[in-house]
Amino acid sequence: MGLFGTPPRQETVAPPAFEEEEVFDELPPLPKAQSTIIAQGITVTGVIRGEGTVLVEGRLEGEIDMKGGVTVAASGMVQGPITADAVRVAGDVQGNITAREHLCLERTGGIHGDVATASLIVENGRLEGSSSMLNPPPQAQPREPDISVQDLQFGAGYDLELDEK
């Protein structure tokens, strides 16, 4: 019942016009670099292997083999070997570490095992093991231009010799 005994007025509402959605042949690719976090209070047992970064705030009993970076937070503990491009240790690692590019041992960190890296930074942390230095990874060489100065063509009256002086 409407106001003052009149029946309510019905209004017709047209549904919104939808445009045809673009159809994709394939799903877009996911980003290659992924992050994995082992949170404080969590224990993981096994092997972590892949590309991206791993942050260990909890406990890992196993192996880490990454193309990317590994960070062991001050609350983190790893029992097993770590292999990665870059490793930062602020917690405790009981196992060998191979850091292809660099390794940073922070003042709160401890490593009980051997380390091999191209660059080592120790900020008063403790290292109970030996260290060996790896050759740094090869840097990308700058590419030679495909065209030489002699192949360049300039407008009429342009003298290359005069402008080089």
S.K.: Same cluster for V54 and V47 if Ile/Leu/Val/Met/Phe/Trp/Tyr side chains link at under 4.5 Å?
M.R.: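 No, no single cluster joins them.
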S.K.: Going by atom types only, do H112 and D92 share a side-chain donor-acceptor pair under 3.5 Å?
M.R.: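 The criterion, which ignores hydrogens and geometry beyond distance, is satisfied for D92 and H112.
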S.K.: Please name the pair of heavy atoms, one in R100 and one in T83, separated by the smallest distance, quoted to 0.1 Å.
M.R.: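 Reported closest heavy-atom pair: NH1-CG2, 3.3 Å.
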S.K.: Would you give the length of the straight line joining atom CD1 of I82 to atom CD1 of I111, rounded to the nearest 0.5 angstrom?
M.R.: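 If we round to the nearest 0.5 Å, I82:CD1 and I111:CD1 are 8.0 Å apart.
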S.K.: Please check: side-chain N/O of T98 versus main-chain N/O of A116, any donor-acceptor pairing under 3.5 Å?
M.R.: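 The answer is no, because no donor-acceptor pair under 3.5 Å joins these two groups.
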S.K.: Measuring from M133:CE to L103:CG, what's the distance to the nearest 0.5 Å?
M.R.: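 Atom-to-atom, M133:CE and L103:CG are 9.0 Å apart.
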S.K.: Can you see which heavy atom on A73 is nearest to which on L55, and at what distance?
M.R.: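 Scanning both residues, the minimum pair turns out to be CB-CD1, 4.3 Å.
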S.K.: Flag yes if more than 12 heavy atoms outside R126 fall under 6.0 Å of its CZ atom; otherwise flag no.
M.R.: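 Check passes, neighbour count above 12.
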S.K.: CD1/I64 to CD1/I48 distance, rounded to the nearest 0.5 angstrom?
M.R.: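 It comes to 5.0 Å.
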S.K.: S130 and D114: side-chain donor and acceptor closer than 3.5 Å?
M.R.: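 A donor-acceptor contact under 3.5 Å links the two side chains.
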S.K.: Starting from V56, can I reach I42 by hopping between I/L/V/M/F/W/Y residues whose side chains sit under 4.5 Å apart?
M.R.: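 I42 and V56: one cluster.
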S.K.: Do L120 and V93 share a hydrophobic cluster (ILVMFWY, side-chain heavy atoms under 4.5 Å, transitive)?
M.R.: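 L120 clusters together with V93.
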S.K.: Same cluster or not: V115 versus L134, using hydrophobic residues (I, L, V, M, F, W, Y) connected whenever any side-chain heavy atoms lie under 4.5 Å apart?
M.R.: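 No, V115 does not connect to L134 through the hydrophobic network.
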S.K.: State yes or no: do M77 and V44 share one hydrophobic cluster built from I, L, V, M, F, W and Y residues joined by side-chain heavy-atom distances below 4.5 Å, directly or via other members?
M.R.: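 No, it is not one cluster - the side chains of M77 and V44 are not joined through contacts under 4.5 Å.
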S.K.: Closest heavy-atom contact between A90 and E106?
M.R.: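 For A90 versus E106, the nearest heavy atoms are CB-OE1, 3.3 Å.
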S.K.: Find the distance between NZ (K67) and CZ (R49) and round it off to the nearest 0.5 Å.
M.R.: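 Here the rounded value is 15.0 Å.
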S.K.: Short question: side chain of S75, backbone of E57 - any donor-acceptor pair under 3.5 Å?
M.R.: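 Between the backbone of E57 and the side chain of S75 there is a qualifying donor-acceptor contact (under 3.5 Å).
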S.K.: Could you tell me the separation between the OG1 atom of T43 and the CD atom of Q79, rounded to the nearest 0.5 Å?
M.R.: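 It comes to 9.5 Å.
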S.K.: Taking all non-hydrogen atoms of both residues into account, name the closest pair between G110 and L105 and its distance.
M.R.: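 Nearest pair, atom of G110 first, then L105: N-CD1, 3.9 Å.
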S.K.: Could you go through the side chain to side chain contact (heavy atoms under 4.5 Å, CB included) check for I97 and V70 one step at a time?
M.R.: CA-CA 11 Å; I97 298 177; V70 174; over 6 Å; no
S.K.: Taking all heavy atoms of A118 and all of E101, pick out the closest pair and write down the distance.
M.R.: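 Reported closest heavy-atom pair: CB-O, 3.4 Å.
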S.K.: Under a 3.5 Å distance rule, please check whether D85 uses its side chain to pair with a backbone N or O of G68 as donor and acceptor.
M.R.: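 Yes; judged by distance alone, with no hydrogens or angles, the pair exists.
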S.K.: Which heavy atom in G62 sits nearest to a heavy atom in V78, and how many Å separate them?
M.R.: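 Closest pair (atom of G62, atom of V78, distance): O-CG1, 4.5 Å.
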